[in-house]
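Below is one structure, written out as structure tokens; the observations come after it.
Along the sequence shown, the residues carry numbers beginning at 1.
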Amino acid sequence: MGVVLETDERWQVVDAERTSLAELLAGLSVAEWERPTRCGDWRVRDVAAHLTIAARMSYGTVAREFVRARGNVDRMIHDTAVQEARLPVEEIVANLRATIGSRRLAPGTTRREPLLDILVHGQDIAQALGRERVMPPAAARDAADRVWTMRFPPRPWPLPEGRLVATDIEWTRGEKGREIRGPISELLLLLTGRG
């Protein structure tokens with residue numbers, strides 16, 4: 001069915017998404033950078049800063065931040081993003097642009113996480129701003145399949161009960177029962193706790 005994109009194709013989408021998101025962020029007002037998102041207590045600037053970290057942090061820095069977070073990965077991710085978000089917004093945008101072309105991964109992640117991260121967090125930012133950001137369906141399917149099959153790192157969201165059926169691309173997952181139908185981008189957001 002071609003659910004999983006080829007590695008090069010996936011990185012091309014990641015680079016295109018990073019580029020377009022950097023362009024969006026570069027045009028925001030001061031107030032827009034402070035808008036709350038659906039990512040806990042993160043504002044637009046925190047989400048944007050988070051998207052720059054994995055491709056820039058050394059393993060030593062990650063280890064130090066992990067210890068500082070007392071071994072709690074979620075706390076480490078939260079705290080590093082909030083800390084990075086203190087930078088001037090121009091620097092956050094420059095750091096995001098600097099990740100374009102990078103193939104570095106956060107420790108313990110696969111080559112599929114950068115796509116998942118940029119697609120979902122790009123939506124978090126766009127929705128907080130009341131803007132539409134179109135997800136490429138094949139990329140959203142790849143990311144949705146990654147969430148569905150995720151074992152490590154542990155998926156922080158429970159899978160929805162029922163059968164998920166994409167209406168714009170071939171993709172179905174789940175047991176029989178209540179059928180949840182929609183565009184693959186909406187199913188991806190549901191799978192990542194944003195339904």
Side-chain angles (χ1 to χ4, degrees), residues 10-11 13-131 133 135 143 146-147 150 152-158 188-189 191-194:
R10 188 179 301 117
W11 282 117
V13 174
V14 169
D15 286 343
E17 292 294 312
R18 287 173 172 168
T19 300
S20 67
L21 187 59
E23 291 303 312
L24 170 65
L25 293 169
L28 298 185
S29 69
V30 172
E32 287 174 318
W33 277 97
E34 301 304 319
R35 291 242 181 106
T37 69
R38 295 193 294 181
C39 293
D41 64 347
W42 281 0
R43 303 158 295 169
V44 166
R45 71 184 305 128
D46 301 303
V47 177
H50 165 72
L51 289 170
T52 73
I53 293 173
R56 295 177 36 248
M57 288 181 86
S58 69
Y59 277 81
T61 302
V62 171
R64 185 178 65 246
E65 294 299 328
F66 184 69
V67 169
R68 186 176 303 181
R70 296 182 293 285
N72 184 314
V73 174
D74 291 332
R75 183 181 301 135
M76 180 190 73
I77 291 169
H78 174 274
D79 293 352
T80 56
V82 171
Q83 179 180 332
E84 192 78 7
R86 294 182 186 131
L87 294 171
V89 295
E90 297 81 13
E91 198 168 333
I92 295 171
V93 173
N95 287 340
L96 182 58
R97 285 190 172 124
T99 67
I100 297 166
S102 173
R103 302 302 179 247
R104 287 187 62 176
L105 301 173
T109 63
T110 72
R111 288 176 283 182
R112 296 178 79 186
E113 268 71 41
L115 178 63
L116 171 59
D117 227 23
I118 192 72
L119 289 178
V120 172
H121 287 313
Q123 291 300 313
D124 292 332
I125 289 169
Q127 290 176 359
L129 299 169
R131 304 206 187 162
R133 190 166 164 77
M135 270 193 228
R146 173 61 182 142
V147 175
M150 194 177 262
F152 188 85
R155 180 182 49 249
W157 321 278
L188 174 58
L189 295 177
L191 285 168
T192 55
R194 292 156 174 86

Please test E113 against T110 for side-chain hydrogen bond (donor to acceptor under 3.5 Å, both in side chains), starting from the C-alpha separation and ending with a verdict.
CA-CA 6 Å; E113 268 71 41; T110 72; 2.6 Å; yes
Please assess L115 against R146 for the test side-chain contact (heavy atoms from CB on, under 4.5 Å), listing each intermediate value before the final yes or no.
CA-CA 10 Å; L115 178 63; R146 173 61 182 142; over 6 Å; no
Once you round to the nearest 0.5 Å, how far does CZ of R112 lie from OG1 of T109?
12.5 Å
Would you compute the distance between atom OG1 of T192 and atom NE2 of H121 and round it to the nearest 0.5 angstrom?
8.5 Å
Pairwise distance CZ(R35) to CG(D124) - rounded to 0.5 angstrom
14.5 Å
Q123/L188 under side-chain contact (heavy atoms from CB on, under 4.5 Å): CA gap, chis, key distance, verdict:
CA-CA 10 Å; Q123 291 300 313; L188 174 58; over 6 Å; no
Minimum-distance pair of heavy atoms, taken over all atoms of A22 and R97
CB-CG, 3.7 Å
Given side-chain contact (heavy atoms from CB on, under 4.5 Å), test M150 with L191 step by step and report yes or no.
CA-CA 11 Å; M150 194 177 262; L191 285 168; over 6 Å; no
Please report the closest heavy-atom contact between P114 and V14, naming both atoms and the distance.
C-CG2, 4.0 Å
For the atom pair CZ (F66) and CD1 (I77), what is the distance rounded to the nearest 0.5 Å?
10.5 Å
Mind checking side-chain contact (heavy atoms from CB on, under 4.5 Å) for R56 and listing every partner two or more places apart, or none if nothing turns up?
T52, E84, N95, T99
Minimum heavy-atom distance S102-W11, with the two atoms named
O-CZ3, 3.5 Å
Return yes if some donor-acceptor pair links the side-chain N/O of E91 with the main-chain N/O of P88 below 3.5 Å, else return no.
no
Any side-chain heavy atom of E32 within less than 4.5 Å of one from V44?
no
All salt bridge (charged side-chain N to carboxylate O under 4.0 Å, His left out) counterparts of R43, not counting sequence neighbours:
E34, D46
Between R18 (side chain only) and G101 (backbone N and O only), is there a donor and an acceptor less than 3.5 Å apart?
no
When you look at CZ of R111, are more than 12 heavy atoms from neighbouring residues, nucleotides or ligands closer to it than 6.0 Å?
no
Pairs touching residues 66-83 that satisfy side-chain hydrogen bond (donor to acceptor under 3.5 Å, both in side chains), sequence neighbours left out:
D41-H78
Closer than 4.0 angstrom, basic N to acidic O: yes or no for D15 and R103?
yes
Answer whether the closest heavy-atom distance between the side chains of L21 and R133 falls below 4.5 Å.
yes
Tell me whether T37 contacts the main-chain N or O of A128 through its side chain, where contact means a donor paired with an acceptor under 3.5 Å.
no
A side-chain contact here means heavy atoms from C-beta on lying under 4.5 Å apart; do L25 and V89 qualify?
no
Interatomic distance, CG@D117 vs CG@L51, rounded to 0.5 Å, equals 5.5 Å
Side-chain contact test, heavy atoms from C-beta onward, threshold under 4.5 Å: evaluate it for R64 versus M76 and give yes or no.
no
Spacing of CG belonging to L28 relative to CH2 belonging to W33, to within rounding of 0.5 Å
6.0 Å
What do the steps show when you test E65 against M57 for side-chain contact (heavy atoms from CB on, under 4.5 Å), and what is the final call?
CA-CA 10 Å; E65 294 299 328; M57 288 181 86; 3.9 Å; yes
